[in-house]
Amino acid sequence: MDLLEEYRRATFFFESGDPLGAARLLEPIVEAEPHNTAVRQLLARAYFNSAQLNGAEEQLRELIERDPSDHYAHHVLGRTLERGGRIREALPHLRLAAAMKQQPDYLEAVRRAEEWLGKSETP
């Protein structure tokens, strides 16, 4: 298998709106190249976009374990946890990502999670 060609195909599938197809192509590449950050990140995004949240979480936690300063992995992990209704677990990752890199979507995710938690704790 030509891993680079398969990665290119997976990227095309992902960008064409087929995250399931992309994930199927990326899974064996991650097995063959477990330390390839770009492939693992795209697999996490494909899982997230296809609502395979457990798979996304697993890939993102692996990325963070390897590089705790990966703001994007923290943000997407926070979004994954948020999407799964685990807002309290998501918030530290969302805050960390926003602290590492001031991006509007990072700040919006923090605001949204804090607002939701504030509302859920109101008697």
Side-chain angles (χ1 to χ4, degrees):
M1 168 176 34
D2 181 349
L3 297 178
L4 180 57
E5 185 56 36
E6 287 298 290
Y7 177 74
R8 287 180 179 147
R9 284 186 57 219
T11 301
F12 175 78
F13 276 56
F14 182 82
E15 291 174 354
S16 298
D18 183 3
L20 285 172
R24 280 192 295 276
L25 292 170
L26 291 164
E27 289 165 349
I29 300 172
V30 167
E31 275 189 40
E33 297 285 333
H35 298 291
N36 188 317
T37 300
V39 175
R40 192 174 293 277
Q41 185 184 86
L42 186 57
L43 179 56
R45 292 175 60 206
Y47 283 152
F48 179 86
N49 286 2
S50 61
Q52 297 180 71
L53 302 181
N54 290 335
E57 180 180 352
E58 180 183 324
Q59 297 305 316
L60 293 160
R61 289 192 186 279
E62 181 67 30
L63 287 168
I64 290 168
E65 183 177 311
R66 292 182 188 174
D67 181 6
S69 68
D70 185 341
H71 62 87
Y72 184 74
H74 279 284
H75 175 71
V76 179
L77 177 57
R79 293 281 294 117
T80 299
L81 295 168
E82 177 188 24
R83 189 171 177 190
R86 297 161 57 192
I87 313 295
R88 193 169 311 287
E89 291 176 65
L91 191 54
H93 292 284
L94 296 172
R95 284 180 174 157
L96 188 54
M100 285 192 265
K101 186 154 181 131
Q102 296 287 309
Q103 293 199 114
D105 55 329
Y106 288 14
L107 298 171
E108 173 59 24
V110 170
R111 184 205 58 76
R112 187 178 53 248
E114 287 176 340
E115 182 178 302
W116 190 92
L117 285 174
K119 287 180 180 177
S120 71
E121 293 173 358
T122 304

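The shown structure was predicted, so the numbers you read here are calculated from the model rather than taken from an experiment.
Residues W116 and V110 share a single hydrophobic cluster, defined by chaining ILVMFWY side chains whose heavy atoms lie under 4.5 Å apart. When the side chains of ILVMFWY residues are joined at heavy-atom separations under 4.5 Å, either directly or via intervening members, V30 and Y7 end up in a single hydrophobic cluster. Hydrophobic cluster membership differs between I87 and L81, with clusters built from Ile, Leu, Val, Met, Phe, Trp and Tyr side chains linked at under 4.5 angstrom.
Counting non-hydrogen atoms of neighbouring residues, nucleotides and ligands closer than 6.0 angstrom, the CD atom of E65 reaches no more than 12 such neighbours. Within a 6.0 Å sphere centred on CG of D67, heavy atoms belonging to other residues, nucleotides or ligands number more than 12.
Between A22 and A46, the shortest heavy-atom distance links the atoms CB-CB, 4.3 Å. Residues Y72 and Y106 approach most closely at CA-OH, 3.4 Å, considering heavy atoms. Taking each heavy atom of Y47 and E27 in turn, the nearest pair found is OH-OE2, 2.6 Å. Nearest heavy-atom pair across L77 and I64 is CD2-CD1, 3.6 Å.
Counting only heavy atoms from C-beta outward, the side chains of F14 and N49 approach each other to under 4.5 Å. Proximity of T80 to L60: side-chain heavy atoms (C-beta onward) are separated by under 4.5 Å at one or more points.
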Just do the side chain to side chain contact (heavy atoms under 4.5 Å, CB included) check on R66 and H35 with the steps written out, would you? CA-CA 9 Å; R66 292 182 188 174; H35 298 291; 3.5 Å; yes
Stepwise, does the salt bridge (charged side-chain N to carboxylate O under 4.0 Å, His left out) test hold for R61 with E57?
CA-CA 6 Å; R61 289 192 186 279; E57 180 180 352; 2.9 Å; yes
Side chain to side chain contact (heavy atoms under 4.5 Å, CB included) for R112 and E82? Distances and angles first, verdict last. CA-CA 10 Å; R112 187 178 53 248; E82 177 188 24; 2.6 Å; yes
- request: For R9 and E6, run salt bridge (charged side-chain N to carboxylate O under 4.0 Å, His left out): C-alpha distance rounded to whole Å, both residues' side-chain angles, the deciding distance at 0.1 Å, then the answer.
  value: CA-CA 5 Å; R9 284 186 57 219; E6 287 298 290; 3.0 Å; yes
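One finds the NE2 atom of H71 at 4.5 Å from the NZ atom of K101 (value rounded to the nearest 0.5 Å). To the nearest 0.5 Å, atoms CG (D18) and CZ (R24) are separated by 6.5 Å. Separating the CD1 atom in I29 from the CG atom in D2 is a distance of 9.0 Å, to the nearest 0.5 Å.
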Side chains of residues 90-97: which donor-acceptor pairs under 3.5 Å do they make with residues two or more places apart or in other chains?
{"residue": "H93", "atom": "ND1", "partner": "H74", "partner atom": "ND1", "Å": "3.0"}
{"residue": "R95", "atom": "NE", "partner": "E114", "partner atom": "OE2", "Å": "3.1"}
{"residue": "R95", "atom": "NH2", "partner": "E114", "partner atom": "OE2", "Å": "2.9"}

Which pairs would a plain distance check flag for residues 37-44, meaning a side-chain donor or acceptor within less than 3.5 Å of a matching protein atom at least two apart in sequence or in another chain?
{"residue": "R40", "atom": "NE", "partner": "P34", "partner atom": "O", "Å": "3.4"}
{"residue": "R40", "atom": "NH1", "partner": "Q59", "partner atom": "OE1", "Å": "2.6"}
{"residue": "R40", "atom": "NH2", "partner": "P34", "partner atom": "O", "Å": "2.8"}

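Although no hydrogens or angles enter the test, the distance criterion places no donor-acceptor pair under 3.5 Å between the side chain of Q52 and the main chain of F48.
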